[in-house]
Amino acid sequence: MSLGTEQISNWMQTFRWIVKLIRDDFGIDEKILTRTAVLEEVGLTSEQLEQVLDFIAEAFEVTFPDDTLDEVIHLEDLCMLVSWMKGFYKKPEFVTEGFEAQCREANEITA
């Protein structure tokens, strides 16, 4: 199943893909989907945020640890995390040692 991520090769393209997903699938105004937008404040329910993670995981073929939404606060954080997991970007600064270990255990992260 192609979800349109084949051509993505950097964190800005990842960010744009995630913004389009949230805008198109959940009807959230793109104007509030900025890099510094707090995920829990963009108008999505907890269940919808989990769905967003599920869609991203499927599209990018990554596995998020169970506590990802406790670690990822901003939209940019989510984008950077996915980009790191896919090898498009360095490890984000917000990723703690424990969370890094969980991410590496669930995915084949080499960077």
Side-chain angles (χ1 to χ4, degrees):
M1 176 174 176
S2 175
L3 297 172
T5 62
E6 309 79 24
Q7 301 300 317
I8 293 176
S9 62
N10 64 53
W11 75 268
M12 281 301 294
Q13 292 170 339
T14 305
F15 179 81
R16 189 76 198 124
W17 189 94
I18 293 171
V19 166
K20 286 180 181 179
L21 167 73
I22 296 171
R23 180 196 67 200
D24 295 349
D25 287 17
F26 298 95
I28 303 298
D29 187 346
E30 191 170 344
K31 291 177 187 168
I32 64 171
L33 298 175
T34 63
R35 290 170 48 177
T36 58
V38 176
L39 288 172
E40 293 183 347
E41 298 175 1
V42 297
L44 297 172
T45 65
S46 297
E47 294 79 20
Q48 288 172 320
L49 282 172
E50 290 290 341
Q51 282 184 305
V52 167
L53 288 185
D54 290 344
F55 291 154
I56 293 169
E58 181 180 349
F60 285 90
E61 299 176 339
V62 297
T63 301
F64 291 110
D66 290 339
D67 61 346
T68 296
L69 290 174
D70 294 333
E71 300 284 336
V72 175
I73 306 299
H74 299 99
L75 185 56
E76 180 179 47
D77 297 344
L78 178 58
C79 166
M80 296 295 189
L81 180 65
V82 173
S83 295
W84 170 60
M85 289 177 164
K86 290 301 289 181
F88 305 150
Y89 196 75
K90 64 184 181 196
K91 183 184 84 165
E93 291 183 17
F94 72 87
V95 174
T96 61
E97 285 184 33
F99 188 61
E100 177 182 1
Q102 290 177 330
C103 290
R104 287 186 185 279
E105 185 176 316
N107 300 277
E108 292 183 26
I109 300 171
T110 58

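- Taken together through direct or relayed side-chain contacts under 4.5 Å among Ile, Leu, Val, Met, Phe, Trp and Tyr, L81 and I73 form parts of separate hydrophobic clusters.
- The aromatic rings of F55 and F26 are tilted relative to each other, their planes meeting at an angle between 30° and 60°.
- Between R16 and E30 there is a salt bridge, since at least one side-chain N of the basic residue sits less than 4.0 Å from a carboxylate O of the acidic one.
- Of the possible donor and acceptor atoms, none in the side chain of T5 sits under 3.5 Å from a partner among the backbone N and O of F60.
- Under the 4.5 Å side-chain criterion, counting only non-hydrogen atoms from C-beta, V52 is not in contact with D25.
- In this structure, the separation between CE on M80 and NE2 on H74 is 12.5 Å, given to the nearest 0.5 Å.
- Scanning both residues, W11 and C79, for their nearest heavy atoms gives O-SG, 2.9 Å.
- In terms of modelled atom types and a separation under 3.5 Å, the side chain of T45 and the main chain of Q48 share a donor-acceptor contact.
- The shortest heavy-atom contact between E50 and L69 is OE2-CD1, 3.5 Å.
- Across all non-hydrogen atoms, the minimal contact from F15 to L33 is CZ-O, 3.7 Å.
- The distance from the CD1 atom of I32 to the CD atom of E41 is 10.0 Å, given to the nearest 0.5 Å.
- Considering every non-hydrogen atom in both W84 and R104, the closest pair reads CZ2-NH2, 3.8 Å.
- Side-chain contact check for V42 versus L75: every heavy-atom pair is 4.5 Å or farther apart.
- Criterion: ILVMFWY side-chain heavy atoms under 4.5 Å apart, direct or through other members. Under it, F94 and L78 are part of a common hydrophobic cluster.
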